[in-house]
Amino acid sequence: MLTSRDYFCSMRAKDVMTRNVVTVYSGQEMSTAAQKLRDHRIAGVPVISREGRCVGILSTKDFLKLSPGKSGAGAVSTYMTSPAVTVSENHSLLDAAAILRSSRIHRVPVVDNQGRVVGILSTLDIVGQIFKAMEVETEATVC
C-alpha cells in the first residue's frame, strides 16, 4: 500500500504546478504589475528578466512598501523580493512543501535548468494533492 509519504515523495513539482504562469518584468512599473494582479485575481507573481529567468517575486505585501499617494511610482525591481525562492521541475512535492513552510511563503516559481520560469506551485496546489492522496471527495467532506 502506498503511504502518504511515498505519494508525496513520488510526485514532482512538474506534475502539479500551474504551467500558464502570469509574470511581470523587473523593469515594469508597479502600477502595471498591480493591474496584472487585479486582472488575474492573484496575490503574487514571479518577476522575470527579459531572458525569462526568475529574478524575484512580487506579492501583494510588497505593495505595502509604496509611499502613500504614490501608488504606481517606481519599477518592480525596487519593491520585489529578491532572490526568489524557487524549486526545480523535479523537486518532490514533499520537498517543495517543506520549502514553502520553512520559507513562510505561499507560492514558489518552478524553474528549469537555466532558471527560466516554467510553472508555479502554490500551497493550494499541495492541499489539493493532500485530498487526492487521502482519496476524499471535497464536496462530500463534512466534519
Side-chain angles (χ1 to χ4, degrees), residues 1-68 71-72 74-143:
M1 180 172 158
L2 190 67
T3 67
S4 294
R5 182 176 180 76
D6 293 338
Y7 178 80
F8 282 97
C9 285
S10 67
M11 293 293 291
R12 300 287 163 223
K14 66 182 175 185
D15 300 327
V16 179
M17 69 186 188
T18 299
R19 293 182 183 278
N20 296 325
V21 183
V22 176
T23 60
V24 296
Y25 290 104
S26 59
Q28 281 183 305
E29 287 292 317
M30 287 293 283
S31 58
T32 304
Q35 187 63 50
K36 196 172 258 196
L37 268 68
R38 274 193 303 268
D39 290 348
H40 293 278
R41 296 181 176 197
I42 54 177
V45 291
V47 180
I48 59 172
S49 66
R50 290 287 172 199
E51 296 79 32
R53 289 186 180 82
C54 189
V55 295
I57 194 138
L58 185 72
S59 69
T60 51
K61 73 174 186 174
D62 294 315
F63 286 89
L64 298 175
K65 300 173 191 173
L66 291 170
S67 299
S71 61
V76 166
S77 60
T78 304
Y79 300 96
M80 70 184 186
T81 301
S82 181
V85 175
T86 62
V87 297
S88 76
E89 298 170 279
N90 291 314
H91 259 88
S92 74
L93 218 48
L94 185 63
D95 288 341
I99 289 167
L100 286 166
R101 181 174 180 249
S102 67
S103 300
R104 300 181 62 119
I105 56 177
H106 296 283
R107 71 200 57 78
V108 63
V110 181
V111 297
D112 65 13
N113 292 336
Q114 289 77 40
R116 293 182 303 240
V117 176
V118 295
I120 195 158
L121 184 64
S122 73
T123 52
L124 288 177
D125 296 325
I126 293 170
V127 168
Q129 291 303 306
I130 291 170
F131 279 102
K132 186 174 179 180
M134 292 171 48
E135 298 179 350
V136 172
E137 292 184 15
T138 57
E139 306 88 43
T141 303
V142 178
C143 293

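Just so it is clear, the values below take in all heavy atoms, side chains as well, and ignore hydrogens, waters and symmetry mates.
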Colleague: Using a 4.5 Å cut-off on heavy atoms from C-beta on, say whether the side chain of V76 contacts that of E29.
Modeller: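 Sidechains of V76 and E29: no contact.
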Colleague: Run the side-chain contact (heavy atoms from CB on, under 4.5 Å) check on V16 and I126 step by step: do they pass?
Modeller: CA-CA 8 Å; V16 179; I126 293 170; 5.8 Å; no
Colleague: Got a list of side-chain donor-acceptor pairs under 3.5 Å for residues 108-125, not counting sequence neighbours?
Modeller:
| residue | atom | partner | partner atom | Å |
| --- | --- | --- | --- | --- |
| D112 | OD1 | Q114 | N | 2.9 |
| D112 | OD1 | G115 | N | 3.1 |
| D112 | OD1 | R116 | N | 2.9 |
| D112 | OD2 | R116 | NE | 3.1 |
| D112 | OD2 | R116 | NH2 | 3.0 |
| Q114 | OE1 | R116 | NH2 | 2.9 |
| S122 | OG | L124 | N | 3.3 |
| S122 | OG | D125 | N | 3.2 |
| S122 | OG | D125 | OD2 | 3.3 |
| D125 | OD2 | S122 | N | 2.8 |

Colleague: Which distance, rounded to the nearest 0.5 Å, do you find between the CG of D15 and the CG of N90?
Modeller: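 D15 atom CG to N90 atom CG measures 9.0 Å (nearest 0.5 Å).
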Colleague: Please table the atom pairs, donor to acceptor, closer than 3.5 Å between any side-chain atom in residues 19-28 and protein atoms at least two apart or in another chain.
Modeller:
| residue | atom | partner | partner atom | Å |
| --- | --- | --- | --- | --- |
| R19 | NH2 | K14 | O | 2.9 |
| Q28 | OE1 | Y25 | N | 2.9 |

Colleague: Search all heavy atoms of C54 against all heavy atoms of T86 and return the closest pair with its distance.
Modeller: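 Closest heavy-atom pair between C54 and T86: SG-CG2, 4.1 Å.
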Colleague: Take T81 and L58, measure what side-chain contact (heavy atoms from CB on, under 4.5 Å) needs, and give me the verdict at the end.
Modeller: CA-CA 6 Å; T81 301; L58 185 72; over 6 Å; no
Colleague: Rounded to the nearest 0.5 Å, what separates atom OG in S59 from atom OH in Y79?
Modeller: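 Here the interatomic distance stands at 14.5 Å.
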Colleague: At what distance, to the nearest 0.5 angstrom, does CE of M80 lie from CE of M30?
Modeller: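 Separation between the atoms: 11.0 Å.
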Colleague: I would like to know whether V87 and I99 meet side-chain contact (heavy atoms from CB on, under 4.5 Å); could you show each step before the answer?
Modeller: CA-CA 8 Å; V87 297; I99 289 167; 3.7 Å; yes
Colleague: Any carboxylate oxygen within less than 4.0 angstrom of a Lys/Arg side-chain nitrogen, looking at D62 and K65?
Modeller: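 Salt bridge present between D62 and K65.
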Colleague: Which side-chain hydrogen bond (donor to acceptor under 3.5 Å, both in side chains) pairs, counting each pair once, include a residue from residues 93-109, with sequence neighbours left out?
Modeller: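 The answer is S92-D95.
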Colleague: Is a side-chain donor or acceptor of S82 paired with a backbone partner of V55 at a separation under 3.5 angstrom?
Modeller: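 Yes: the side chain of S82 pairs with the backbone of V55.
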Colleague: Could you tell me whether the side chain of H91 and the main chain of S88 form a donor-acceptor pair under 3.5 Å?
Modeller: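 At least one qualifying donor-acceptor pair exists.
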Colleague: Could you tell me the separation between the CZ atom of R12 and the CE atom of M17, rounded to the nearest 0.5 Å?
Modeller: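 That separation rounds to 13.5 Å.
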